[in-house]
Number of protein chains: 2
Amino acid sequence: MEDVGRVAGVSRATASRVVTGGSRVSERTRNRVWHAVEQLGYHPDLAARALAKGRTDVIDLIIIDEDATQVGSNPYYSRVVSGILSALAGTETQMRTHVIDEPDAPTRLDDVARIVEVGALLINVPPTLGARFAARCGRVVSLGRSAVGVPSVEAENALGARSAVEHLYRTGRRKVVAVHGKPNNSCAIGRRRGFQSASVDAGHEPIGAEGGFCLEAGVAGTHQLLAEHPDLDAIFAACDLTAMGVLRALSESGRRVPDDVALVGFDDSFLASVATPAMTSVRQPVEHMAAMATRALLANETGPSWQRIEPAPLQIRRSSAA
Amino acid sequence: MEDVGRVAGVSRATASRVVTGGSRVSERTRNRVWHAVEQLGYHPDLAARALAKGRTDVIDLIIIDEDATQVGSNPYYSRVVSGILSALAGTETQMRTHVIDEPDAPTRLDDVARIVEVGALLINVPPTLGARFAARCGRVVSLGRSAVGVPSVEAENALGARSAVEHLYRTGRRKVVAVHGKPNNSCAIGRRRGFQSASVDAGHEPIGAEGGFCLEAGVAGTHQLLAEHPDLDAIFAACDLTAMGVLRALSESGRRVPDDVALVGFDDSFLASVATPAMTSVRQPVEHMAAMATRALLANETGPSWQRIEPAPLQIRRSSAA
DNA sequence: CTGTTAGCGCGTTCAA
DNA sequence: TTGAACGCGCTAACAG
């Protein structure tokens with residue numbers, strides 16, 4: 001930077017001004033400095049800058065999982081990462097990832113809260129912990145609704161689920177049932193609500209099995225539903241992974257998709273497109289939501305009341321063909 | 001840190017010594033310092049440390065992809081991330097992710113090479129660029145073989161493919177064909193070689209379709225193979241994603257798996273376990289390989305001749321049942 | 001084994 | 001609009 005100044009014929013301080021903000025510097029000087037930067041191939045030292053500014057340009061991604069070694073098997077996380085990185089592209093800001101085992105969450109979250117710089121994205125953090133984290137550090141967005149007062153971005157879970165059910169009845173199905181997520185997960189709750197109200201509106205009693213966002217739940221739930229309601233002809237699954245389980249159980253039971261039973265998942269992750277048959281799914285724009293949260297943190301525009309709710313349009317594929 | 005020293009009754013420098021290495025400090029002093037650290041809840045400032053040491057504790061993960069927005073759809077990447085993070089757990093070292101669009105690779109790689117600190121992990125970097133990168137920065141490991149002289153860790157691709165073919169013939173299949181990966185991908189090359197030699201050893205002419213590590217390749221390759229060799233009764237796919245495509249094409253053609261046609265994939269990603277039927281697959285221990293590479297970088301034990309080759313055991317599931 | 005001292009590279013005040 | 005000077009929090013020489 002000393003050199004940049006020298007080459008541009010100005011002091012180090014002026015060069016710094018140009019490189020950082022560029023304000024209160026004459027047009028001519030600015031050009032000369034940028035030119036020198038190019039010429040010398042100068043790149044600022046992030047560590048030094050961080051020390052001087054007292055803040056590192058970094059966004060913290062915080063993932064809580066029952067089994068930290070399993071995060072590699074969840075398509076959701078990589079979509080989030082992808083969204084964050086795209087929002088960070090062209091920025092000097094980096095992403096820092098913390099994967100926390102569920103049991104360690106209370107302690108580890110406090111540790112992380114202390115070191116947060118620009119902001120943090122929370123995934124899978126239960127409301128209590130989310131609220132605590134937000135209290136300790138502000139500058140936070142939760143992916144999926146958390147406690148009241150914790151900024152969050154989520155998909156229109158209820159509306160998405162509703163559109164799935166409506167689609168199924170509209171295309172001629174007579175008995176649409178569901179495999180739900182866990183009763184305490186906010187996303188799962190919304191989807192369940194949407195399913196139930198849409199069922200009622202269509203003149204049917206809501207029929208569903210308890211589940212969870214995993215394959216096994218789909219398999220077990222489907223077998224249970226088939227046993228109790230052999231005349232079902234459509235299943236709404238709380239997420240794509242669950243839907244994959246539904247697909248397997250249906251195959252095991254000799255029911256064909258979509259001929260005998262129609263299937264709709266939720267997420268529209270790449271699982272939906274690689275499944276056989278390709279799966280109709282409610283699209284959750286995860287990348288977009290993560291990018292949006294990231295940009296909000298960068299712009300420091302997240303307050304306790306900050307909230308975004310994104311549409312979740314139905315992506316129709318073969319699994320629900322009439 | 002000044003405070004830590006004061007509380008422990010020593011100078012700042014001594015406190016620093018204890019916190020960093022702890023060598024050449026008397027037992028008693030060390031205890032006192034650690035005690036003070038606890039008491040004050042002291043946490044070192046990473047930026048300051050980085051500046052003083054002249055090096056940031058960070059590992060760079062570099063991913064090249066044809067479409068950077070699609071990295072969220074590739075299970076391989078999240079497994080790598082997961083492996084790196086597990087190796088970094090308990091360390092002060094962070095992970096920094098760079099996703100690079102294929103066309104930008106030459107320029108961007110040079111940029112990144114300059115800022116690498118502890119070391120870099122390369123994914124999907126073609127040999128030429130890999131060699132160039134290694135020349136510029138050393139401290140690199142490629143996941144999957146790169147150019148000669150570039151440290152790398154890879155799975156026993158050929159042997160893994162061989163075991164898949166042997167398994168299929170041993171369980172009674174008569175005509176095992178393959179959908180390959182791209183001809184210029186090192187992993188794909190190894191798997192192809194394994195398939196071919198195993199086929200020959202089993203007394204058959206190797207039959208395969210060109211492909212790529214994607215769904216579409218599996219679909220197209222399978223339709224082509226079925227047209228040319230209607231009597232095939234087993235397919236080896238170069239990766240799980242391709243295998244999902246094979247599954248779809250077989251379904252479209254009315255062939256049942258495993259009754260009419262057996263299927264074996266490669267990777268043993270979570271796709272293999274969510275597929276219907278569950279898919280036999282050659283296990284590539286991605287997380288373990290990434291963790292191993294990371295540890296090698298941390299220990300600075302990677303030289304031009306550093307190389308690890310990990311076994312790729314067959315994971316047998318329903319798709320290849322006799 | 002420990003204390004003293006000198007920067008690491010940069011942002012930012014204050015004066016000019 | 002610009003330059004000089006200070007300090008961010010820490011590590012690493014060098015003495016003692």
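Below, read A as the first sequence line, B as the second, and so on, with proteins coming before strands; counting in each chain starts at 1.
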If we only count heavy atoms from C-beta on, is the B:Glu310 to B:Glu156 side-chain gap below 4.5 Å? no

Is the shortest heavy-atom distance from the side chain of A:Arg139 to the side chain of A:Asn300 under 4.5 Å?
yes

Between [X] and [Y], is there a side-chain N and carboxylate O pair less than 4.0 Å apart?
X: A:Arg79; Y: A:Glu287; answer: yes
X: B:Arg55; Y: B:Glu117; answer: no
X: A:Arg132; Y: A:Asp110; answer: yes

Could you give the [atom1]-to-[atom2] distance, from [X] to [N], as a whole number of Å?
X: B:Arg17; N: D:dA12; atom1: CZ; atom2: C1'; value: 9 Å
X: A:Asp57; N: C:dG9; atom1: CG; atom2: P; value: 19 Å
X: B:Glu2; N: C:dT5; atom1: CD; atom2: P; value: 13 Å
X: A:Arg12; N: C:dG7; atom1: CZ; atom2: P; value: 14 Å

With a 4.0 Å cutoff (strictly under), does any side-chain N or O of [X] reach OP1 or OP2 of [N]?
X: A:Ser16; N: C:dT12; answer: no
X: A:Thr14; N: D:dT1; answer: no
X: B:Thr29; N: C:dC1; answer: no
X: B:Ser26; N: C:dT2; answer: yes

Per the under-4.0 Å heavy-atom filter, residues of residues 32-55 of chain A near DNA chain C come out as A:Tyr42, A:Pro44, A:Asp45, A:Ala48, A:Arg49, A:Ala52, A:Lys53

All heavy atoms of B:Tyr76 vs all of B:Gln284, minimum pair found to be CE1-NE2, 4.1 Å

